[in-house]
There are 2 protein chains.
Amino acid sequence: MVVTMQDVARRAGVALSTVSATLTSARPVSAATRARVVAAMDELGYTRNALARGLASRRSRVLALTYPVGTSGLSRTSAEFVLSAAQVAQERGYQLVLWPFGVADEAGIVEVAGQGLADGVLVMEVHLDDVRVRGLRAAGVPVALIGRTADDGPLPTVDVDFEATLRDAVAHLAALGHRGIAFVNHAAHRVAEGHGPTVRAAAAYERAMTDRGLAPVQVFADESVAGGRAALAGLLAADEAPTAVITMNEDATFGVAAELAARRIAVPRELSVLAVVSSPAVSGQTVPPLTTLHAPGAQLGRAGVDALLALLDTGTPPPPALLPCRLVDCGSTGPVPAPEPALAGAHPQTPTRDGHRRPRRRPARTHTEELDEEDV
Amino acid sequence: MVVTMQDVARRAGVALSTVSATLTSARPVSAATRARVVAAMDELGYTRNALARGLASRRSRVLALTYPVGTSGLSRTSAEFVLSAAQVAQERGYQLVLWPFGVADEAGIVEVAGQGLADGVLVMEVHLDDVRVRGLRAAGVPVALIGRTADDGPLPTVDVDFEATLRDAVAHLAALGHRGIAFVNHAAHRVAEGHGPTVRAAAAYERAMTDRGLAPVQVFADESVAGGRAALAGLLAADEAPTAVITMNEDATFGVAAELAARRIAVPRELSVLAVVSSPAVSGQTVPPLTTLHAPGAQLGRAGVDALLALLDTGTPPPPALLPCRLVDCGSTGPVPAPEPALAGAHPQTPTRDGHRRPRRRPARTHTEELDEEDV
DNA sequence: TTGAAAGCGGTACCAA
DNA sequence: TTGGTACCGCTTTCAA
């Protein structure tokens with residue numbers, strides 16, 4: 001039925017071990033023999049059996065990718081990451097298996113890792129104190145992290161450079177004259193859980209602002225459209241409403257866009273919006289499209305796989321990699337609105353110090369209402 | 001280092017084969033021995049080696065999922081599918097490997113399948129004439145399809161019921177009085193490629209319309225925001241502009257929404273929009289949120305894995321499964337606009353027969369322009 | 001440079 | 001009911 005190495009050996013008139021040698025080049029094989037073996041192989045249509053190879057060599061050439069399940073599906077950015085990881089693995093002669101486990105399911109993950117199907121594990125959505133990582137390390141399973149724990153020790157690590165990203169975001173807006181720059185982060189419970197991106201971005205944003213003598217205004221928004229709407233509404237209701245908003249929460253970003261539309265707020269004339277650690281594929285879907293600091297999803301996948309393979313091959317973890325986000329201008333950021341001259345009475349506004357401005361309060365309306373109003 | 005079955009056997013004072021038997025229950029084991037074996041196992045922290053087990057039993061308990069690479073990342077619906085497939089596989093004691101291959105890469109897929117890591121393959125995004133499927137069948141690899149080829153023969157198959165979905169979509173809109181119901185399908189090149197969903201939905205839509213004596217108006221839109229905008233613009237420019245639009249092209253749907261916003265078209269008062277084979281997670285992100293015929297992504301994943309496992313277990317393919325989409329009303333569909341009474345002169349319109357209506361032509365504007373106009 | 005044989009860690013069949 | 005053992009298909013010494 002299936003063609004085995006023994007079949008090839010017989011057809012080529014050599015020993016089984018010689019066939020193996022031509023494949024692995026673990027030992028010299030003369031050109032002549034090699035040619036006969038190769039000929040026999042493709043006459044027979046031979047393919048090496050992955051299971052047997054893995055068992056004998058203690059290297060399955062399979063990598064596992066574990067990601068938290070239960071959370072609202074994969075974001076487009078994460079999906080990008082997964083696909084690129086699978087592709088790079090393939091290019092390297094590896095296969096990628098998916099391990100859907102809860103972030104707290106240490107037992108489950110250690111159990112399946114113990115089965116030895118995978119040579120190593122890529123952990124996504126790493127928490128500052130991550131039981132999965134701890135469990136795998138304790139079990140002696142090679143691990144690479146997408147993200148970082150509080151103390152990675154010698155683990156290979158690739159992550160978004162949140163420090164640089166938020167610094168760049170604030171710098172970009174500050175260069176446009178903004179001083180009231182708010183930040184819509186992930187949900188509050190993420191902080192408590194020690195969700196790396198949330199915590200790191202929060203700190204980076206605060207630092208970037210205070211370094212410039214600006215007052216940070218941070219909102220932890222529920223990861224949903226409603227959460228984003230509420231977040232923006234809250235920001236605009238404040239005494240010192242921001243003139244620019246940075247969003248990192250992909251789901252909430254759609255809500256921010258929706259709220260902007262409902263209030264008929266001109267972007268970027270009245271308010272600048274900058275989506276960070278996002279993807280143009282996502283930001284291009286909002287109305288208006290949002291300028292983005294593009295998360296390096298594909299590069300992260302590539303780097304993560306390569307880091308894990310480096311660990312596997314050399315036994316020592318490669319140095320941690322922090323990848324920057326790239327600015328993609330979709331036109332949603334612009335100069336800070338100038339305080340309106342006193343004589344322009346049509347829309348009274350309250351300019352304040354520091355480039356803050358008090359926009360007129362407009363109630364949010366449903367879109368239907370919004371459109372009905374003037375189209376009837 | 002690693003605990004082997006032999007270790008367990010020694011500790012329990014039984015033969016290796018007895019340990020195996022307690023695990024596989026392939027043969028009776030007395031309660032007493034079983035207890036001793038089990039005790040030994042968890043004293044030692046034993047876990048069965050997947051590779052060895054697979055090699056010996058000719059069943060790796062690994063399933064492969066292949067999806068076309070190169071196409072613009074995974075749609076949210078597809079991602080939903082992949083995740084649920086991985087999860088169901090896990091529940092069944094299987095692991096899922098990802099095989100990123102081009103739709104035409106028969107050689108690549110057959111090659112990796114020949115390595116025997118996977119017991120069977122799940123093929124996504126199946127084409128009517130699919131070389132991957134042909135190649136795998138010819139190679140004797142168990143296959144299940146997400147989608148259907150033109151002639152599946154005895155292959156296990158799960159798919160969206162496009163016939164029912166488009167029928168339901170048209171029925172839903174027709175019940176609201178619409179007669180001018182247009183359909184924004186995938187890109188034209190998909191038809192040429194024999195992309196199942198595109199072709200089946202196209203036919204189903206035409207049938208659903210003509211069955212009601214309505215004239216089908218179908219647009220094959222580029223899979224992008226721009227494509228969607230252009231599609232809607234084209235429809236509205238026609239002599240008999242539709243009063244309702246069905247969209248199936250997830251990327252273009254965002255464009256349709258954007259164009260609606262740019263033209264300030266009231267949804268659903270002026271135009272009803274219904275996104276089919278989509279996901280509320282997606283439709284909720286547009287402004288306004290779109291009523292959706294929710295694609296059964298998760299169920300498809302579940303059904304696909306189960307179909308493949310059924311084939312693996314019984315040797316005979318289970319009957320094909322067609323899963324319906326479920327209506328999720330987000331308020332973007334409503335009654336057909338009544339032809340305006342002649343005396344209402346504010347916005348001249350041209351009512352036509354058949355419930356068609358000629359909306360006033362409004363040029364599309366950028367959002368910035370749009371908002372600037374009245375907020376300055 | 002090549003061949004022979006001992007595992008890798010299990011499953012499955014056989015005899016006891 | 002249990003123990004012994006022949007493989008599964010390949011990698012990896014070790015001699016020749």
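The structure presented is a predicted model; accordingly, all values stated were derived computationally and were not measured. Computed over heavy atoms, backbone and side chain alike; hydrogens, waters and symmetry mates excluded. Quick note on labels: first sequence line is chain A, next is B, and so on, each numbered from 1.
- Here Thr4(A) lies in heavy-atom contact (under 4.0 Å) with sugar-phosphate atoms only.
- Nucleotide dG9(C) holds its C1' atom 9 Å from the CG atom of Leu51(B), rounded to whole Å.
- In this structure, CZ of Arg61(B) is placed 14 Å from P of dG10(C), rounded to the nearest angstrom.
- Side-chain atoms of Ser57(B) lie closest to dA12(C) of the nucleotides dA12(C), dG10(C), dT2(C).
- Toward the 5′ end of DNA chain D lies the nearest nucleotide of Val3(A), the other residue of the pair Val3(A) and Arg27(A) mapping further downstream.
- Taking the 5' to 3' direction, DNA chain D first and last meets chain A under 4.0 angstrom from a heavy atom at dG9(D) to dT13(D).
- Residue Leu16(A) is in base contact, counting any heavy-atom pair closer than 4.0 Å across all strands shown.
- We find that Arg92(B) and Asp313(B) are not joined by a salt bridge, their nearest charged nitrogen and carboxylate oxygen being 4.0 Å or further apart.
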Which atom pairs, donor and acceptor, lie under 3.5 Å between side-chain atoms of residues 133-147 of chain B and protein residues at least two apart or in another chain?
residue: Arg134(B); atom: NH1; partner: Asp129(B); partner atom: OD1; Å: 3.0
residue: Arg137(B); atom: NH1; partner: Asp152(B); partner atom: O; Å: 3.4

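- As a whole-Å value, the separation of Asn49(A) CG from dC8(C) P is 18 Å.
- Rounded to whole Å, atom P of dG3(C) lies 14 Å from atom CZ of Arg10(A).
- Map Met5(A) and Ala32(B) each onto its nearest nucleotide of DNA chain D; the residue landing nearer the 5' end is Ala32(B).
- Counted by atom type alone, Gln90(B) and Trp99(A) present zero donor-acceptor pairs between their side chains at under 3.5 Å.
- A salt bridge does not link Glu125(B) to Arg132(B): none of the charged nitrogens lies less than 4.0 Å from a carboxylate oxygen.
- Heavy atoms of Arg58(A) sit under 4.0 angstrom from primed sugar atoms or phosphate atoms, though from no base atom.
- A donor-acceptor contact under 3.5 angstrom links the side-chain atoms of Ser17(A) to the base of dG3(C).
- Residues Arg200(B) and Leu128(B) form a side-chain contact, since some pair of their non-hydrogen atoms from C-beta on lies under 4.5 Å apart.
- Within 4.0 Å (heavy atoms only), Thr47(B) reaches sugar-phosphate atoms of the nucleic acid but no base atom.
- Thr66(B) has its side chain within reach of Val121(B): a pair of non-hydrogen atoms, C-beta onward, lies under 4.5 Å apart.
- Within the 4.0 angstrom heavy-atom criterion, only backbone atoms of the sugar-phosphate kind lie near Val2(A); the bases stay farther away.
- Straight-line distance from the OH atom of Tyr46(B) to the P atom of dG9(C): 10 Å, rounded to whole Å.
- Rounding to whole angstrom units, CG of residue Leu23(B) and P of dG10(C) are separated by 9 Å.
- Between the P atom of dG9(C) and the CZ atom of Arg53(B) lies a distance of 16 Å, rounded to the nearest Å.
- Side chain of Asn49(A) to main chain of Ala52(A): a donor-acceptor pair is present (N/O by atom type, distance under 3.5 Å, no hydrogens or angles).
- dG10(C) atom C1' lies 13 Å from atom CD of Gln115(A), rounded to whole Å.
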